[in-house]
Each structure stands twice: as C-alpha cells, then as structure tokens.
A.B. asks: 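Before anything else, here's the structure in question.
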Amino acid sequence: MKEKLLAHKKGIVIAVVIALIAGTVYYKKSNAPNTDIGSMVSTTPIIKGDIQDSISLRAPLEGTESAEIVSRLHYEVLQLNVKEGDRVKKGQVLAVLDSDTLKKDIKRAEDQLALAKVESNEASSRSAQNVELAKAQLEDKLKDQQTAYEKAVLDRDEAKRKYDNLKTLVDAGVETEESLKEIKNTYESAQQIVDSYTVENGKVVATEADLKSIENSGDNSAGSRAKSIAMLQTELNNKRQDLEECQITSPIDGTITRVNIKLGRFADDTDDDKPMFVVENIDQLEMEILISEYDIGKIEIGQTATITADILKDEFVEGIVDRISPTGEEKAGSTERVIPTTVRITGDTKGLIAGINAKAEILIAESKDTLILPLECLQQNPDGTISVLRVNSENKIEVIPVTTGIENDLNVEIFSDMLQEGDNIVVSPTPDLTEGTAVTTPEMMQQMNQNDNEEDNTEKDEDIEGNTENNTDENTENNTNDNTDNAETDSVE
C-alpha cells in the first residue's frame, strides 16, 4: 500500500515537470517578436571555373575510305583468297571466278570479228576497182563530149553567119522574110545543142548525175559492214572486260571487314544480296554526324572534338571537324533539316572498331577561370538587357546588370564589376522581386529553426534541472516523514 502511494506521488511530480517545460516553451514562442521574414527565394552562389559550349551527337565509326566490291557476273567462285580481318593492297586478287566458258566465247568472238574484217576489206577492194573503172569511163565520155561540143559550136557559128547575111539581104529587099525564117530556125537549133553541154571556160565537165553514177558504182553496203564490225568489236571488248573481272581485286588499301560469298556459289549470288567484300581503311576512322540546321552556324572545319564510346570505358580520343556538306537533307520524321558533317579521329584509334556507335562532342567555345551561374538565374528586362538578383548581407534584393558570354545547356558565363565569386544569386527570379525587397532563403529558415531548437533545448534543460532539485527535496521530505511514521507505528506496536 505504501509502495503504491509512493509511486503515485512520483507520477504526479513527473507530470508537473513536463507541464512546466511545455508552458515555458509555449510562453517563449508566443511572446517572440513578430518579425517580417520577407519573400521566400532560392539562391545559388556564383562560382568561378571553366565553362564550355559544345554539341554532342552519336554516329557509327567508319573507315575514311571504304569500298563495296560486287560482281555482275554469273560465274562460279573457284578461289576465295581472303577472310575477314585480312589486310589487303590495292589491286590484290580477293577471289577468282570460273572463266573457261568465257574464254571460249572470247575466241569465237575474235574469229567472227576477223572474218568480218576480211570480208569487208575484200568488198572494199572490189568497190575501189568499180569506182576506178567508172571514172575511166567518164573520162572517155567527157572527151567525146568535148569533141561534139566543139563541132556544135562551129555549126552554130556557121548558122549565125548565114542568118546575119540573109537578114542583110532581106533588109535590102533582095530576099524574102520566108527564107530568113527558115535559116533562123537552123541557127536556134544549133544554139540549143551547144547549151546542152555542161561547160566551164570552154571545157566540158562532169554533171552531178555523172558524179553520182561513179559513187553508185562503189559498194553501197560499206556502211552496213562497218556498223557490223563495230558491234562485233564492242561485244569482244565486253567479254574481255568480263574476263578481267573474273579476277576480283581490291580497289583500295585496307582491311577486309565483310565477306558475303562462299566457294562454289555464283559471284552475283551473295548472302542477303550484300556486296561480295567490304574493304575499309580502318587505320584512319571517321564518323558522319547530322548537325541540326539551327546549330550548323556554330560548326567550323578544324574545330576539335572529343570521341567517346562504350568500348573505351572512361577513356576518350581526340577528333577534328574535317568536312561539312554543302547541302542539307531531311531529318527522319521531322521538318527540320540536318547537315552531314564528318568528324575525323586524330588520336590513337587503338581500341576502336569500325561499325560501333560513338559520341562526338564538338567544342564550340570555352572560357577558363570565369564567373559562372545557372541559366535560371538570368532575368530578361523589357529593354532587352539582362540582370541578376543578388541577396546582400541585410537579406535584401540588389538588381545587378550583367552581360553574358559562353553558355551551355545548364550554365552561363557572366560579366559584371559588381559581382564576385560566392555572391548569392536568386534562382528563377519573379517580377515581384525588386530592388530592396526583403527575402528569406531556405538556408536562413533552417538556421532560424536550428537556433530556436537550441534555445528551447537550453530552457528545457534548465527547467528539468530545477524540477529535479525540487523533486529531490520532496522525496527527502517524504522519506523522512515515512520513517517517522514507521517509527511511531513500531512504538505503538
């Protein structure tokens, strides 16, 4: 019973202590001064460091020079001289096709061409003889015509003389008009005979009909024979070309990266209709990336690039912008245009493999040891200028004009004589934040809460210490009274 009573008294004492502590804390908080903590903002410090602007794109690695070797010939592959990974030289024979049938076709075509040439030569010889004979006959004909022409001229001149004499007599009234008419007809007939000859400077010459007759005396099939010979020659040249192509050779120095043919198959029957061989110069690698039309203005030949790939793990190699296409092309699934741009690997290509994907990060611009802020800190002003909001030591806003330099997706380089490393700048400023506005940051609130907690804990410790002392005195007093009661009870008993 006594033990239960003591426990009850101790419980009352503890409850009182807790109530006193809670009351003290409540009193201090409820009586704290009502201060204005200002607008809540988030800030970040200005840092000093290096910043780069770059463009990163992925593309497969390729050799700087490559060749896909195909064959149009339907001939069997008799020899296969290389395998994937073999290094080859320009002109080296990679495979040999069965050419026995082709060689027979070439011999037959050569014989046909030779025969056609012989027949053509014989026909040409006969034609030449016919032409010479026709020319001789024409020459004899012209001689006879010359004699006849000269006689016709004499006859005409005699008829003209007679006509002139008779006309004189007619004019004198000696002869009649009827006799004059008869001699006039004789004269005109003689003149027609003279005019029937083709004459130049008194010499009878061949007419167009005479010349055409000589031409027709030649071989009219000469043109046809020449065309036939040309066709036979072309056919023979094609077969000879096919014979050369039965030796499948490499057009470049490089490495065999693909073999899509097997022995015994026809040269034009490859795996999945792919080239027989693919040869690449993989000693020098490059990659073709597609630059957006919105970024191509930043790209120049000679800019450096950093090449990374999964196969390199944490390492990288250097590259350089080597070529920029003069024309753009459509981007798949978009109206945006892209410009093919070649990045050539300038560093050691050891560890890289043609055909794998890699990422090229082209360095557009960089600045070292400069002031840097996140892009979200910039505030665009109505007049087009840019400013940032600094929180000063009095936790008030200061509007600081700035100019910007290099920027990337996250950060921007800033310039201002009023700013320095470590200044706290508002992130994502809002229009209500103006010069002199009081603000509070999450860090300030955390510090205030921490200070309040420390103060509360100190007061609680003091209250507990005071209550402990009172409790000790009370317990001592109770113990004394209990002992007195016990003594009295023992005495009575």
Side-chain angles (χ1 to χ4, degrees), residues 35-57 291-306 308 316 318-321 336 341 359-451:
T35 58
D36 182 11
I37 62 173
S39 301
M40 180 67 69
V41 296
S42 178
T43 63
T44 186
I46 297 176
I47 63 172
K48 202 169 191 180
D50 303 339
I51 185 171
Q52 294 180 341
D53 183 17
S54 61
I55 292 177
S56 296
L57 291 168
I291 304 292
S292 167
E293 60 183 315
Y294 307 117
D295 293 327
I296 193 62
K298 303 176 184 178
I299 305 301
E300 297 178 359
I301 292 177
Q303 286 176 326
T304 59
T306 300
T308 57
F316 63 89
E318 296 297 330
I320 191 171
V321 176
E336 179 184 355
T341 301
K359 182 174 74 172
E361 183 176 4
I362 301 174
L363 180 62
I364 297 173
E366 68 175 337
S367 184
K368 295 182 178 295
D369 196 30
T370 188
L371 297 182
I372 301 172
L373 273 176
L375 285 167
E376 293 84 355
C377 293
L378 300 183
Q379 179 175 264
Q380 184 79 35
N381 301 316
D383 61 357
T385 60
I386 298 174
S387 59
V388 297
L389 306 184
R390 177 172 62 186
V391 178
N392 61 20
S393 59
E394 298 178 357
N395 297 328
K396 292 184 178 181
I397 293 295
E398 293 179 343
V399 180
I400 310 297
V402 298
T403 55
T404 60
I406 296 172
E407 67 178 63
N408 53 36
D409 293 339
L410 300 176
N411 299 316
V412 60
E413 178 185 21
I414 60 168
F415 302 99
S416 174
D417 294 335
M418 302 172 64
L419 296 175
Q420 61 183 358
E421 182 181 7
D423 285 351
N424 286 323
I425 305 300
V426 175
V427 179
S428 301
T430 55
D432 60 306
L433 298 176
T434 58
E435 183 76 27
T437 301
V439 295
T440 301
T441 66
E443 292 78 13
M444 292 166 57
M445 289 297 295
Q446 183 178 2
Q447 184 63 43
M448 290 170 59
N449 290 335
Q450 183 177 351
N451 293 339

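FYI, the numbering just counts along the sequence from 1.
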A.B. asks: For residues Asn411 and Pro374, report the shortest heavy-atom separation together with the two atoms involved.
C.D. replies: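 Shortest heavy-atom contact: OD1-CA, 3.5 Å.
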A.B. asks: I need the Leu389 CG to Ile400 CD1 distance, nearest 0.5 Å.
C.D. replies: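 Separation between the atoms: 9.0 Å.
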A.B. asks: Distance from Ser56 atom OG to Asn408 atom CG, nearest 0.5 Å?
C.D. replies: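 Here the rounded value is 10.5 Å.
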A.B. asks: For residues 40-53, run the donor-acceptor check on the side chains, cut-off 3.5 Å, and write out each pair with its distance to 0.1 Å, sequence neighbours left out.
C.D. replies:
unit_1, atom_1, unit_2, atom_2, d
Asp50, OD1, Asp369, N, 2.9
Gln52, NE2, Glu366, OE1, 3.0

A.B. asks: What are the two closest non-hydrogen atoms of Ser416 and Val402, and how far apart are they?
C.D. replies: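 Ser416 and Val402 have their closest heavy atoms at CB-CG1, 3.9 Å.
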A.B. asks: So for atom CG, which belongs to Asp383, do other residues, nucleotides or ligands contribute more than 12 heavy atoms lying within a distance under 6.0 Å?
C.D. replies: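 Counting neighbours around CG of Asp383, more than 12 heavy atoms of other residues, nucleotides or ligands fall under 6.0 Å, so yes.
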A.B. asks: So how far is it from Thr404 OG1 to Leu373 CG, rounded to the nearest 0.5 Å?
C.D. replies: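 Rounded to the nearest 0.5 Å, the OG1-CG separation comes to 11.5 Å.
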A.B. asks: I'd like to check Thr403 versus Ile414 (side-chain heavy atoms, cut-off strictly below 4.5 Å). Are they in contact?
C.D. replies: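 Result no, sub-4.5 Å side-chain heavy-atom pair not found.
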A.B. asks: Can you tell if the side chain of Leu57 reaches within under 4.5 Å of the side chain of Ile291, non-hydrogen atoms only?
C.D. replies: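 They are in side-chain contact.
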A.B. asks: If I take atom OG1 from residue Thr308 and atom CD from residue Glu361, how far apart are they, to the nearest 0.5 angstrom?
C.D. replies: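 Reported to 0.5 Å precision, the distance equals 7.5 Å.
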A.B. asks: Does a side chain donor of either Glu413 or Ser367 reach within less than 3.5 Å of an acceptor in the other side chain?
C.D. replies: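 Yes, Ser367 and Glu413 have a side-chain donor paired with an acceptor closer than 3.5 Å.
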A.B. asks: How many angstroms lie between CD in Glu398 and CG in Leu419, if you round to the nearest 0.5 Å?
C.D. replies: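 CG of Leu419 is found 9.5 Å from CD of Glu398.
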A.B. asks: What is the distance from atom CD1 of Ile406 to atom OG1 of Thr370, rounded to the nearest 0.5 Å?
C.D. replies: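 Interatomic distance, Ile406 CD1 to Thr370 OG1, rounded to 0.5 Å: 8.0 Å.
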A.B. asks: Please check if the side chain of Arg390 supplies one atom and the backbone of Lys396 the other of a donor-acceptor pair under 3.5 Å.
C.D. replies: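 No; judged by distance alone, with no hydrogens or angles, the pair does not exist.
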A.B. asks: Looking at Asn381, I'd like to know if its CG atom is crowded, meaning that more than 12 non-hydrogen atoms belonging to other residues, nucleotides or ligands lie closer than 6.0 Å.
C.D. replies: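 Atom CG in Asn381 is crowded, with more than 12 foreign heavy atoms closer than 6.0 Å.
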A.B. asks: Less than 4.5 Å apart, any side-chain heavy atom of Thr437 and any of Asp432?
C.D. replies: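 A side-chain contact under 4.5 Å is absent here.
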A.B. asks: So, applying side chain to side chain contact (heavy atoms under 4.5 Å, CB included) with Ile299, which one of Ile296, Ile301, Asp295 is it?
C.D. replies: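 When side chain to side chain contact (heavy atoms under 4.5 Å, CB included) is applied between Ile299 and each of Ile296, Ile301, Asp295, only Ile296 qualifies.
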A.B. asks: Counting only N and O atoms by type, is there a donor-acceptor contact under 3.5 Å from the side chain of Gln303 to the main-chain atoms of Lys298?
C.D. replies: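 Yes: the side chain of Gln303 pairs with the backbone of Lys298.
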A.B. asks: Assess the residue pair Ile386 and Gln380 against the criterion (side-chain contact (heavy atoms from CB on, under 4.5 Å)); give the C-alpha distance rounded to whole Å, side-chain angles, the decisive distance to 0.1 Å, and a yes or no.
C.D. replies: CA-CA 5 Å; Ile386 298 174; Gln380 184 79 35; 4.0 Å; yes
A.B. asks: Is a side-chain donor or acceptor of Glu318 paired with a backbone partner of Thr306 at a separation under 3.5 angstrom?
C.D. replies: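 Not at all, since once roles are kept as given, no pair shorter than 3.5 Å links the two residues.
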A.B. asks: Output all residues satisfying side-chain hydrogen bond (donor to acceptor under 3.5 Å, both in side chains) with Glu421, sequence neighbours left out; order by chain, then residue number.
C.D. replies: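 Not a single residue meets the side-chain hydrogen bond (donor to acceptor under 3.5 Å, both in side chains) criterion with Glu421.
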A.B. asks: Between Ile397 and Thr434, is a side-chain contact (heavy atoms from CB on, under 4.5 Å) present by the stated rule, with each step listed?
C.D. replies: CA-CA 7 Å; Ile397 293 295; Thr434 58; over 6 Å; no
A.B. asks: Would a 4.5 Å heavy-atom cut-off, applied to side chains only, mark Val412 and Ile372 as touching?
C.D. replies: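 Heavy-atom side-chain distance check fails, nothing below 4.5 Å.
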